[in-house]
K.L.:
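Structure in structure tokens, see below.
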Amino acid sequence: MSLTKVYDAATVFRHLNGVLNVYKPAGMKVIHVRNAILANICKGLNELEQREPRKLSEDRPLLGTGTAADSVFHNMAKNTDLSDHILASGSRYLPADIRCATVASLGEHTSGVLLFGLNKGLRQSSRIQRNRPVRIYHVTGRLGIATENHLPDSRITVRSNYKHISAERLSGLASSMQASHQRKMYELCGVDLQTQAAYELACKGLIRPADNSQPVLYGIKLIEFERPRFTLEIHAINETEDYLAAIVHDMALELRTVAHCVQLRCIRHSHFEVGESLLRHGWHLPGIMKNLRQQKEILKSHPEMLKEERIELHG
């Protein structure tokens with residue numbers, strides 16, 4: 001179906017609903033991303049054709065001084081509420097007119113996929129949040145230097161030798177950590193990993209935490225190693241920036257060295273991928289409307305994101 005250009009602000013605003021996938025830059029807070037998007041939406045709406053001022057009732061008198069200037073003014077303002085004119089009331093659309101909420105937040109140092117629900121899309125975004133889909137990260141660490149909070153903007157506390165670290169040792173440790181976290185999930189469910197009950201539990205679907213307070217790690221593997229830097233691909237739920245940075249720190253300690261996280265990038269949130277994210281130069285009204293249509297097709301192709309059978313992990 002061909003698309004029709006619309007120049008009426010009210011019509012565009014009525015269709016401003018759904019899930020928005022934007023690319024959050026590193027070093028920018030989520031609240032600043034939200035404010036920038038809402039400001040650009042309102043700017044675009046206010047540049048479109050606006051509705052006419054409200055009309056007054058026919059029998060309402062217009063007050064004046066009786067001069068010739070008043071007669072001209074009366075002709076202009078006949079049956080028109082001048083208090084509703086855009087020059088008197090100001091911009092028609094303000095950021096407060098748009099309902100907007102994040103599906104899951106990202107830390108200040110993290111870049112990548114960030115989902116927003118706009119207006120009627122808030123219902124969809126809350127359902128996605130309740131289902132707690134897996135997010136995938138590329139986390140880059142640097143060996144040999146430790147910082148106070150394991151992130152690059154903090155004071156250096158320790159330096160250590162890292163010449164003995166190899167890709168094989170890092171990859172083996174990542175596999176061991178993944179197996180340990182998977183075993184812990186089944187233990188919290190009260191089943192042994194080597195039993196038929198564990199197999200039946202795995203067939204029912206992904207084991208997910210019952211609330212947002214418990215981070216769960218589903219997968220971790222080494223995808224790049226160029227000493228002193230290395231990159232991990234991490235699959236997790238309820239993760240935070242500090243949690244991912246602590247994983248890099250703990251892995252280095254296991255290998256008898258130190259490390260800190262230099263880059264965090266969310267490349268996927270459920271079926272929403274980083275390649276479809278709206279870049280910063282595209283945070284304008286036409287780009288946002290196009291992105292809303294694209295994410296709508298993704299939700300239509302994967303309806304399980306809004307209603308998913310899952311096993312809840314308690315404990």
Side-chain angles (χ1 to χ4, degrees), residues 19 21-24 26 29-31 33-34 101-117 122-141 149-151 174-191 193 198 201-202 204-221 231-251 261 263-274 277 299 302 304-315:
V19 176
N21 178 4
V22 302
Y23 187 91
K24 175 193 169 298
K29 294 183 178 179
V30 172
I31 185 64
V33 175
R34 179 182 181 275
T102 56
V103 175
S105 186
L106 294 176
E108 182 177 353
H109 298 88
T110 306
S111 62
V113 177
L114 179 62
L115 302 181
F116 289 98
L122 290 180
R123 181 178 299 179
Q124 296 174 329
S125 65
S126 62
R127 287 182 178 178
I128 296 173
Q129 187 177 28
R130 286 198 301 269
N131 283 333
R132 298 181 185 88
V134 176
R135 288 200 286 184
I136 304 176
Y137 290 85
H138 283 176
V139 180
T140 301
N149 60 359
H150 317 316
L151 291 169
S175 300
S176 176
M177 290 182 64
Q178 176 177 322
S180 176
H181 279 267
Q182 291 177 349
R183 188 181 306 109
K184 181 181 178 181
M185 284 189 289
Y186 284 93
E187 289 175 354
L188 290 174
C189 290
V191 296
L193 191 60
L201 192 64
K204 292 180 180 179
L206 195 64
I207 302 176
R208 302 174 188 270
D211 52 40
N212 294 327
S213 62
Q214 184 179 4
V216 178
L217 188 67
Y218 290 95
I220 175 171
K221 65 178 180 179
T231 302
L232 303 170
E233 183 175 290
I234 298 178
H235 300 232
I237 291 179
N238 289 344
E239 75 294 333
T240 62
E241 185 175 83
D242 294 336
Y243 178 77
L244 297 175
I247 289 177
V248 173
H249 174 73
D250 294 341
M251 290 182 67
C261 184
Q263 186 182 48
L264 297 101
R265 184 166 177 254
C266 179
I267 65 167
R268 187 171 179 178
H269 188 150
S270 187
H271 294 282
F272 300 98
E273 299 185 0
V274 70
S277 296
L299 287 172
H302 304 280
E304 70 278 0
M305 284 194 290
L306 300 179
K307 187 176 181 181
E308 187 169 1
E309 296 292 334
R310 67 184 190 275
I311 308 161
E312 289 194 343
L313 177 64
H314 298 273

K.L.:
To the nearest 0.5 Å, what is the distance between CZ on Arg265 and CG on Leu106?
P.N.:
12.0 Å
K.L.:
Tell me the closest heavy-atom pair linking Leu306 and Asn131, and the distance in Å.
P.N.:
C-ND2, 3.4 Å
K.L.:
Measuring from atom CD of Glu108 to atom CD1 of Ile31, what distance do you get when rounded to the nearest 0.5 angstrom?
P.N.:
13.0 Å
K.L.:
Can you check side-chain contact (heavy atoms from CB on, under 4.5 Å) on Leu217 and Ile234, steps first, answer last?
P.N.:
CA-CA 8 Å; Leu217 188 67; Ile234 298 178; 3.1 Å; yes
K.L.:
Determine the minimum heavy-atom distance between Val19 and Ser125, stating which atoms define it.
P.N.:
CG2-N, 4.4 Å
K.L.:
List the atom of Cys261, the atom of Val248, and the distance in Å for their closest heavy-atom pair.
P.N.:
N-CG1, 4.3 Å
K.L.:
Okay, side chain of Arg183, backbone of His181: is any donor-acceptor separation there less than 3.5 Å?
P.N.:
no
K.L.:
Kindly give the heavy-atom pair with the smallest separation between Gly117 and Leu122, and that separation in Å.
P.N.:
O-CD2, 3.2 Å
K.L.:
Please examine the side chains of Pro133 and Ile128, heavy atoms only from C-beta on, and report whether any two atoms are closer than 4.5 Å.
P.N.:
yes
K.L.:
Tell me every residue that passes side chain to side chain contact (heavy atoms under 4.5 Å, CB included) with Glu241, counting only those two or more places apart in sequence or in another chain.
P.N.:
His109, Thr110, Leu151, Leu264
K.L.:
Heavy atoms, side chains only, cut-off 4.5 Å: are Leu114 and Val33 in contact?
P.N.:
yes
K.L.:
Ignoring hydrogens and angles, tell me if any N or O in the side chain of Gln263 forms a donor-acceptor pair with the backbone of Thr140 under 3.5 Å.
P.N.:
no
K.L.:
With a 3.5 Å cut-off and no angle check, do the side chains of His235 and Glu233 form a donor-acceptor pair?
P.N.:
yes
K.L.:
Could you check whether any side-chain heavy atom of Tyr23 comes within less than 4.5 Å of a side-chain heavy atom of Val113, counting everything from C-beta outward?
P.N.:
no
K.L.:
Take Arg268 and His138 through the test side-chain contact (heavy atoms from CB on, under 4.5 Å) and record every step on the way to the result.
P.N.:
CA-CA 10 Å; Arg268 187 171 179 178; His138 283 176; over 6 Å; no
K.L.:
Distance from Lys24 atom NZ to Ser277 atom OG, nearest 0.5 Å?
P.N.:
12.5 Å
K.L.:
Nearest 0.5 Å, what's the CD-CE distance between Gln182 and Met177?
P.N.:
12.0 Å
K.L.:
Do Tyr218 and Arg135 meet the criterion of a side-chain donor-acceptor pair at a distance under 3.5 Å?
P.N.:
no
K.L.:
Nearest 0.5 Å please: distance from the CD1 atom of Ile136 over to the NE2 atom of His269.
P.N.:
10.5 Å
K.L.:
For the atom pair OH (Tyr137) and OG1 (Thr231), what is the distance rounded to the nearest 0.5 Å?
P.N.:
16.0 Å
K.L.:
Which atom names give the shortest non-hydrogen contact between Ser111 and Ala26, and what distance separates them?
P.N.:
CB-N, 3.6 Å
K.L.:
Quick one: closest heavy-atom pair of Ser105 and Val30, and the distance?
P.N.:
OG-CG2, 3.4 Å
K.L.:
Given the rule in the side-chain contact (heavy atoms from CB on, under 4.5 Å) test, do Asn238 and Arg132 qualify, once you have shown the distances and angles that lead to the verdict?
P.N.:
CA-CA 8 Å; Asn238 289 344; Arg132 298 181 185 88; 4.1 Å; yes
K.L.:
For the residue pair Met305 and Leu299, establish whether any side-chain heavy-atom pair is separated by less than 4.5 Å.
P.N.:
yes
